[in-house]
Amino acid sequence: MRIFKVSDQPSIKRSVDSGTKEQRAAVKNIIKSVRKDGDQALKAYSLELDGVLLEDFTVTEEEKREAYKEVDDTVLGVIREAADNIRIYHEKQLRTSWMTTDENGSILGQKVTPLDSVGLYVPGGTAAYPSSVLMNVIPAKVAGVKRLVIATPPDKKTGKLPPAVLVAAQEAGAEEMYKVGGAQAIAALAYGTETIASVDKITGPGNIYVALAKREVFGDVDIDMIAGPSEIAILADATAKPNEVAADLLSQAEHDQLSCSVLVTPSEALAAAVADEVEKQLNALPRQKIARQSIENYGAIYVTETMEEAVQTVNRLAPEHLEIITENALSLIGQIRHAGAIFIGRFSPEPVGDYFAGPNHVLPTNGTARFSSPLSVEDFQKKSSIVFYSEKALKENGEKIAAFARLEGLEAHARAIEARLKG
């Protein structure tokens with residue numbers, strides 16, 4: 001890994017979310033076709049892009065039952081325990097409606113309502129991502145969403161969904177599932193087809209075509225975020241173990257060639273040792289080609305003069321994942337302003353959060369942790385303001401309200417108040 005002085009202005013931003021001109025055009029054509037031809041377009045794209053000929057996209061009850069037979073009992077136990085952890089964590093986020101009353105009789109409040117329907121996209125094909133299912137379905141379920149729809153591409157050989165995905169979906173509480181992926185799945189969820197009814201919001205990660213499709217349909221439906229490639233920053237001092245730090249950096253590098261892995265440290269000795277360890281571990285990594293390209297293009301080690309400067313550097317990076325591996329890691333939490341998820345101490349590596357601990361692993365990327373938050377229960381709820389003014393309250397404040405309306409040149413607004421005051 002390359003070692004820099006922090007004056008080299010570290011960054012994790014990668015201009016990949018907008019895609020190429022050809023990719024954007026392809027996505028727009030797919031969406032247009034699905035809106036026009038519905039299921040027929042889905043069948044055509046499933047054959048062309050996913051290599052699967054399907055007459056029916058719906059996951060059957062038999063397929064759901066069969067999935068349990070194909071998942072090892074130990075794996076099932078892990079899925080269930082992870083689901084419990086995720087559910088318990090997200091139940092603490094649940095917000096309820098509230099009202100306050102004033103002595104003049106007015107009532108103000110907020111009504112919290114779950115969304116009617118949500119589409120949850122799960123990347124797939126040859127790979128299985130049951131963790132993505134749990135992280136998207138469970139907070140929606142906790143929020144009270146009644147209709148949860150999962151869309152994920154089928155396996156090219158079997159035409160079915162991975163058993164672990166089907167099991168995770170059922171354990172999390174989702175029953176409506178479709179074997180369709182890519183931009184065509186996003187279009188179907190947003191606008192509906194003969195088989196798939198449209199939803200109000202779409203969440204979940206995907207490739208560049210999925211990201212572009214989500215961006216395209218935003219406004220007609222809501223979306224969670226435009227997720228970029230994964231990233232990790234590690235804030236460490238001389239007490240950190242080089243082999244552990246290197247392993248954590250590579251845990252993100254193996255995701256994608258565009259993934260970003262950064263170490264920030266005031267220790268030159270640690271920096272040199274981690275650089276050597278990364279190279280050593282890379283050679284033994286099954287996904288070596290992907291991880292190596294990620295490390296070479298987007299991996300870096302930044303050496304600072306002080307720990308204070310290191311913290312400032314991390315806040316400038318605003319990483320998706322931040323690990324703090326220092327002598328007094330807990331004492332630094334208050335100084336961290338920008339990070340999607342913060343992992344404290346050497347026994348809290350990032351995969352703990354990816355799969356099992358409970359917090360959501362759908363996180364802001366590409367520096368957007370400066371203003372964005374992890375996926376949460378609130379993403380599946382909407383809020384309505386409640387206003388009840390008594391006659392006494394309107395008489396007390398009516399003239400002030402009318403004056404404010406006239407200040408903005410809105411006479412009819414003022415008269416709507418005065419019509420009641422005169423009465």
Is there a donor-acceptor pair closer than 3.5 Å between any side-chain N or O of [X] and the backbone N or O of [Y]?
X    : Y    : value
D248 : P349 : no
R87  : V142 : no
N360 : S376 : no
D220 : A190 : no
D155 : T158 : yes
T58  : T60  : no
Q93  : V377 : yes
D39  : T193 : no
K214 : M225 : yes
S294 : S259 : yes

Quick check: are there more than 12 heavy atoms from other residues, nucleotides or ligands sitting under 6.0 Å from [atom1] of [X]?
X    : atom1 : answer
E308 : CD    : no
E305 : CD    : no
Q110 : CD    : yes
K241 : NZ    : no

Report yes if some heavy atom in the side chain of [X] is under 4.5 Å from a heavy atom in the side chain of [Y]; otherwise report no.
X    : Y    : result
V118 : V199 : no
R316 : T313 : yes
Y389 : N397 : yes
E323 : V245 : no
N243 : Q281 : yes
V133 : V165 : yes
L108 : V387 : yes
F404 : L407 : yes

Looking only at heavy atoms, what is the nearest atom pair of [X] and [Y], with distance?
X    : Y    : result
A300 : M1   : N-CE, 3.2 Å
L148 : A140 : CD2-CB, 3.5 Å
L375 : H90  : O-NE2, 4.1 Å
K160 : K179 : CA-CD, 4.2 Å
T195 : Y178 : O-OH, 3.6 Å
L94  : A143 : CD1-CA, 4.2 Å

Check: For I232, which of E350, E320, H255 qualifies under side-chain contact (heavy atoms from CB on, under 4.5 Å)?
Finding: E350
Any chance the side chains of [X] and [Y] put a donor and an acceptor closer than 3.5 Å?
X    : Y    : answer
Q252 : S230 : yes
T203 : K201 : no
T368 : N366 : no
Y209 : Q184 : no

Checklist line | Salt bridge present between R65 and E62 (N-O < 4.0 angstrom) | finding: no
Next item on the list: Start with the C-alpha gap between E244 and F347, add the side-chain angles, then the distance that decides, and say whether side chain to side chain contact (heavy atoms under 4.5 Å, CB included) holds.
Entry: CA-CA 10 Å; E244 295 174 358; F347 299 110; 5.8 Å; no
Next item on the list: Assess whether side chain to side chain contact (heavy atoms under 4.5 Å, CB included) is satisfied between V78 and Y355, documenting all intermediate values.
Entry: CA-CA 10 Å; V78 172; Y355 300 110; over 6 Å; no
Margin query: For Y129 and T152: C-alpha separation, side-chain torsions, deciding distance, then whether side chain to side chain donor-acceptor pair (under 3.5 Å) applies.
Written below: CA-CA 10 Å; Y129 296 97; T152 185; over 6 Å; no
